[in-house]
Amino acid sequence: MTHNNWKHRWIQAGAPHHLLSITDLNSEAARVVLQLAHAMKRATREGRELFRFERPTVVAMIFEKPSLRTRVTFEVGLHQMGAHGTYLTQADIQMGKREAVMDIARNLGRWVQGIVARVYYHSVLGELAQFAGVPVINALSDHEHPCQALADLMTIQERKGEDAQTLAWVGDGNNVCHSFILLGTLLGHTVRVATPEGYEPDEAVVAQAQRNAAQSGGQLFLTHSPQEAVSNADVVYTDVWVSMGFETEREIRMRHFQPFQVNRALLALAKPDAIVLHCLPARRGEEITNEVLDGEQSAVWDQAENRLHTQKALLALMLSASGCE
Ligand code: CP
Ligand code: NVA
């Protein structure tokens, strides 16, 4: 059965039990997820599913923050594979308030086969993983958004092939940027990051991305000039200037980030066939203009679709390796 081949490759690649960070994946594990995601996308478009859970499988989906893409793609993906996601908001379970995180983890671990969690504090994911006994997948934290990066790299492969590309990040050096530079360098790309001063990616993430690049043949450059980052790039990627949880900084951020808008003038510095990525939601007219988001070079809707296929691949691999099939 093809499914066993994928599972075998996943186990050979180390089969991480949890995905809290891109650093949980080595380059082979990342490649297995992406290749399976491409195969699943083709199959789903032909009206078939490559993988279905045989045993009753339920995944708890904890969301401390709002979501459109992440919630819907996990729910739809689980449904397509014959499993079920149960959505739990902070209003329902009040993690750390009504009940200790470790106790919630221990309860959920008795009922469900996996946990997907979107949290304010990355450390909460570690606690869930420590006590749940079932795989935990990071659905966005203050530190990383690994599911997003997998969909980003899948989109780049679809549009540009698997050869190394020059990827420009323009904007805030936080969660989405962290996962993107870790995965981009793991897979051998040159990643250029332009942030305002004071919004650079975390030093430990930069150091890890530099180690990845040294191993993969990729490169990592940090700059404060969006023009320098974008010059001759194959991919231009941006994210909101005010992430969830940072709303009180809105006014000052608008000032600091203004020169970092992805608009037609900036995009003109990239290769003529460069693609534009945005994890979404976008604040039209702030970090990206309408003409770029809706323009011919925009790949954002494919990127959003690919959240579905990459997360299905992850769920199939992680949950089957942990005993659910
Ligand atoms: N990109 C992303 O994670 O979108 P949501 O916040 O809507 O899930
Ligand atoms: N950096 C953004 C990403 C949203 C998907 C945030 O954390 O709000």
Side-chain angles (χ1 to χ4, degrees), residues 19-22 37 59-78 85 87-90 115-125 137-156 169-184 193-196 198-202 205 235-250 253-254 256-257 260-262 276-284 286-288 293 298-312 314-315:
L19 182 71
L20 308 188
S21 160
I22 289 294
V59 170
M61 298 174 43
I62 299 172
F63 279 74
E64 290 188 328
K65 303 179 187 180
S67 168
L68 173 70
R69 279 146 291 275
T70 310
R71 175 188 176 175
V72 175
T73 51
F74 269 112
E75 282 191 6
V76 170
L78 286 162
Y87 178 64
L88 301 165
T89 67
Q90 187 61 354
I115 297 174
V116 164
R118 169 168 288 196
V119 298
Y120 280 95
Y121 299 108
H122 191 78
S123 58
V124 169
L125 295 171
I137 297 176
N138 178 358
L140 180 145
S141 68
D142 55 340
H143 195 60
E144 272 205 57
H145 197 0
C147 296
Q148 180 67 54
L150 287 164
D152 304 339
L153 271 292
M154 179 180 178
T155 310
I156 293 168
W169 175 273
V170 181
D172 198 355
N174 71 340
N175 49 8
V176 175
C177 175
H178 285 164
S179 295
F180 184 66
I181 66 177
L182 287 169
L183 189 57
V193 178
T195 66
Y199 298 92
E200 297 85 358
D202 179 78
V205 172
V235 175
V236 178
Y237 193 168
T238 191
D239 181 14
V240 289
W241 293 341
V242 185
S243 282
M244 291 179 278
F246 291 84
E247 290 78 5
T248 55
E249 297 179 16
R250 181 167 177 80
R253 282 174 170 263
M254 292 303 283
H256 290 159
F257 281 93
F260 290 77
Q261 184 185 64
V262 175
V276 174
L277 298 180
H278 192 308
C279 54
L280 306 176
R283 296 284 293 219
R284 288 169 175 267
E286 290 185 11
E287 77 278 1
I288 192 164
L293 190 66
S298 171
V300 302
W301 317 117
D302 287 349
Q303 183 186 4
E305 177 185 337
N306 290 339
R307 296 292 307 277
L308 173 67
H309 308 295
T310 43
Q311 286 157 204
K312 282 170 71 179
L314 260 184
L315 288 164

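Both ligands and their constituent atoms are indexed starting at 1 by order of listing.
- Taking 4.0 Å as the cut-off, Leu280 counts as a neighbour of ligand 2 on heavy-atom distance.
- Of the protein's non-hydrogen atoms, the one nearest atom 7 (O) of ligand 2 is Asn175 ND2, 2.8 Å.
- Although no hydrogens or angles enter the test, the distance criterion places no donor-acceptor pair under 3.5 Å between the side chain of Glu249 and the main chain of Glu247.
- Between Phe180 and Tyr237, the ring planes are perpendicular. Angles over 60° get that label, and only those under 30° would be called parallel.
- The closest donor-acceptor contact from the side chain of Ser179 to the backbone of His145 lies under 3.5 Å.
- Between the side chain of Thr73 and the main chain of Thr70, a donor-acceptor pair closer than 3.5 Å is present.
- Residue contacts with ligand 2 for Leu140 involve side-chain atoms from C-beta outward but no N, CA, C or O (heavy atoms, distance under 4.0 Å).
- Checked by distance only, ligand 1 and Met244 stay at 3.5 Å or farther apart across all their nitrogen or oxygen atoms.
- Checked against a 3.5 angstrom limit, the closest N/O atoms of Lys65 and ligand 2 fall outside it.
- Counting non-hydrogen atoms of other residues, nucleotides and ligands closer than 6.0 Å to OH of Tyr121 gives a total of 12 or fewer.
- Without hydrogens or angle criteria, Ser243 side chain to Phe246 main chain gives no donor-acceptor distance under 3.5 Å.
- When heavy-atom distances to ligand 1 are checked against a 4.0 Å cut-off, Leu140 has no atom that comes that close, whether in backbone or side chain.
- Looking at His145 against ligand 1, only its side chain comes within 4.0 Å, counting heavy atoms.
- Shown in contact with Arg118 at under 4.0 Å from a heavy atom are these atoms of ligand 1, numbered in order with element: 3 (O), 5 (P), 6 (O), 8 (O).
- Where the criterion is an N or O separation shorter than 3.5 Å, residue side chain and backbone included, Leu68 meets it with respect to ligand 1.
- Given atom 4 (O) of ligand 1, the protein heavy atom at minimum distance is Arg69 NE, 2.8 Å.
- With Tyr87 as the aromatic partner, Arg71 meets the cation-pi criteria of under 6.0 angstrom to the ring centre and within 45 degrees of the ring axis.
- Arg283 and Glu287 are not joined by a salt bridge, as no carboxylate oxygen comes within less than 4.0 angstrom of a charged side-chain nitrogen.
- Of all atoms in ligand 1, numbered sequentially from 1 with element shown, those under 4.0 Å from a heavy atom of Arg307 are 1 (N), 2 (C), 3 (O).
- Of the options Asp142, Asn174, Asp239, Leu68, the smallest heavy-atom separation from atom 3 (C) of ligand 2 is shown by Asp239.
- Of the possible polar contacts, one joining the Arg118 side chain to the Pro66 backbone as a donor-acceptor pair under 3.5 Å is found.
- At distances below 3.5 Å, at least one donor-acceptor pair connects side-chain atoms of His178 with backbone N or O atoms of His143.
- In terms of protein heavy-atom proximity, atom 8 (O) of ligand 2 is closest to Met244 N, 2.8 Å.
- The protein heavy-atom contact nearest to atom 6 (C) of ligand 2 is Ser243 OG, 3.2 Å.
- Heavy atoms of Asp172 found under 4.0 angstrom from ligand 2: none, in either backbone or side chain.
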